[in-house]
Amino acid sequence: MISDIVRVRFAPSPTGYLHVGGLRTALYNYLFARHTSGKFILRIEDTDRARFVPGAVENLIDTLRWSGLTYDEGPDKDGGFGPYIQSERLEIYKEYTTRLINSGKAYYCFCTPERLKELRESQTEQKLQGKYDKHCLSLSADEIQNKLNNNIPHVVRLNVPANEIVTVHDIIRGTVEFDSNTVDDQVLLKSDGYPTYHLANVVDDHLMKITHVIRGEEWLPSTPKHVLLYNAFGWEIPEFAHLPLLLNPDKSKLSKRQGDVAVEDYRSKGFLKEALVNFVALLGWNAGDDREFYYLDELISGFSLERVNKSGAVFNIEKLNWLNFEHLRQKPVHEVISMLRTELKSSDFSSYEFPDNYLAQVIESMRERVSFVKELLTKSPYFFQLPAGYDEATLKKRWKEDSHLLLSKLRDNFVRLSDPTKEDFENSLHNTALENNVGNGKLIHPLRLAVSGMGEGPGVFDIVAILGKEETIKRIDKALSVLT
RNA sequence: GGCGCGUUCGUCUAGUGGCUUAGGACGCCGCCCUCUCAAGGCGGAGAUCACGGGUUCAAAUCCCGUACGCGCUACCA
């Protein structure tokens, strides 16, 4: 037994930002760990120096933190299995590589990139599988020592045995078999002394007592190499779960060019972490019922790897929008207020002051009309400033010949109100309509236009109640002076 | 080319041999509600369950084959 508790890890490569596919992988690892009262570990796989991006690790951690997926062990949270950054574990990989070489499971390879390239080209030409030809396996001990002494650049390769069936047990896909003859002698240690993913991942998973390897489907084809490696070391093999891919609308692997893929892109567009996490969780998993709205703790209790789908899922932004709307509706007002304040700060209305109870009313009146906090500003700017103008189409439809006269009478009645409530405004308008023998609509629509400049929005009595008597009359006066 | 995985409404999916005239959700359309827009309620269009064989009294569900899609095929992860 690898460990008496579940230990899983999210092992991203810090190439700049957290990919939404990565978020989903992290989420499933997190959910599985929390569901089973296990540990969730963050490990940084930065063994490719050519792709080093400054600040990427910090960014990754920051984004993960934003999404709410807290890890138990990681670069900044030691759990006794560190370091959790692979570039800080080079000596470990070297040591284990030596073990493999000594037992004949791995060997030095001094082939130049040029020879490798030629080999590959000729294989392609003959329509053969591209595979290393074990050329350096036949080197004598003396030859090897000699080249080593002369500092000839070299790598270390896995010595894949011929004619074996390598079996991979996958929780999601069942048993998958590979013919070892189709498995390449994978490079384990690169010439710069860094390990490749394959070596580092197996060594670390073993040393960190990882019980379940939950990762993207793109890793399935290289899993036999990992199994062979575990066997070569004589280590117990963890459980595997290869997750279906997240897809572009054209069904190819989700990538940039076809839309946003970075979690921070969605974050900056105003998507709620609750919505993004909820959405991504449903891309490949469901509880077996009709439920679609979940909070993180609810996902934890319902999650199981057995219910993860096998086929890829298109990242459908429409549904994300809907979930954002649903989550925004459920959000406590005080949280929305603080988000609104952040939006206001960077808006045209940044110079105005609005008390919390005012913003709370605005939010309540607009809640069912917006999917994003920033839409509070774009869909109802009139709560933050005087109407900039009057919508043409609405004007044409709602501003009739008698509108000016009726609105001025309504104004006079509003003036007489003392500290009016929503109902007071409503009664006053009804009475005005009665006095003038017209339907309420003849007053309601011009009033809405006058105070908001638009033809849509919350109930007009809600709007005027929120704006208050003074502001309402001011706006009516302005409309009366501008519109005829 | 080789290896592997996958295939139910446009999309996310339910379905684990009879309960299925294949259910739900998003999106779309219509009606109701209504001061507008939403929300909400009701309804509609939308899937010959990739195709072809088999197994079975019975298959979207099991088996085989084919097609198509995708992934991998680096001293990248």
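Quantities reported herein were computed from a predicted structural model and do not represent experimental measurements. Proteins come first, then strands; the chains are lettered A, B, ... in the order of their sequence lines, and each starts at number 1.
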* To do: Assign Ser191(A) to base, sugar-phosphate, or nothing according to its heavy-atom contacts below 4.0 angstrom with the strands shown.
  => base
* To do: Would you classify Arg448(A) as touching base, sugar-phosphate or nothing, given that sugar-phosphate means primed atoms plus P, OP1 and OP2, and contacts are heavy atoms under 4.0 Å?
  =>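 Here Arg448(A) touches the bases of the nucleic acid.
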* Asked: Between U36(B) atom C1' and Leu449(A) atom CG, what is the distance in whole Å?
  ->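 It works out to 11 Å between those atoms.
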Can you identify which nucleotide, out of [options], has its nearest atom closest to the [X] side chain?
X	options	result
Pro221(A)	U36(B), C72(B), A77(B)	C72(B)
Trp322(A)	A77(B), C75(B), G27(B)	G27(B)
Phe178(A)	G2(B), C5(B), G4(B)	G4(B)
Glu456(A)	A77(B), C75(B), C37(B)	C37(B)
Glu368(A)	C76(B), A38(B), U13(B)	A38(B)
Lys190(A)	G1(B), C12(B), C75(B)	C75(B)

Atom [atom1], compared across [N] and [M]: separation rounded to whole Å:
N	M	atom1	value
G6(B)	U66(B)	C1'	15 Å
C9(B)	U48(B)	C1'	13 Å
U16(B)	C29(B)	C1'	36 Å
C37(B)	G10(B)	C1'	27 Å
A50(B)	U7(B)	C1'	6 Å
U13(B)	G52(B)	P	26 Å
G23(B)	C33(B)	P	29 Å
A47(B)	A58(B)	C1'	22 Å

* Using atom types as modelled and distance alone, determine if a side-chain donor or acceptor of Asp185(A) lies under 3.5 Å from a backbone N or O of Val160(A). =>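 Present.
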* Asked: Given side chains that start at C-beta, do those of Pro387(A) and Arg475(A) come closer than 4.5 Å, heavy atoms only?
  -> yes
* Parallel under 30°, tilted from 30 to 60°, perpendicular over 60°: which one fits the rings of Trp285(A) and Phe303(A)? -> tilted
* Do other residues, nucleotides or ligands put more than 12 heavy atoms under 6.0 Å from Lys256(A) NZ? ->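 No, because the 6.0 Å sphere around NZ of Lys256(A) holds 12 heavy atoms or fewer from other groups.
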* Asked: Is Arg369(A) side chain donor-acceptor paired with the C37(B) base, going by distance under 3.5 Å alone?
  -> yes
* **Base of C12(B) paired with side chain of Lys319(A) (donor-acceptor, under 3.5 Å)** => yes
* Asked: Does the side chain of Asp48(A) come under 3.5 Å of the side chain of Tyr194(A) through a donor N or O and an acceptor N or O?
  ->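 Side chains of Asp48(A) and Tyr194(A): no pair found under 3.5 Å.
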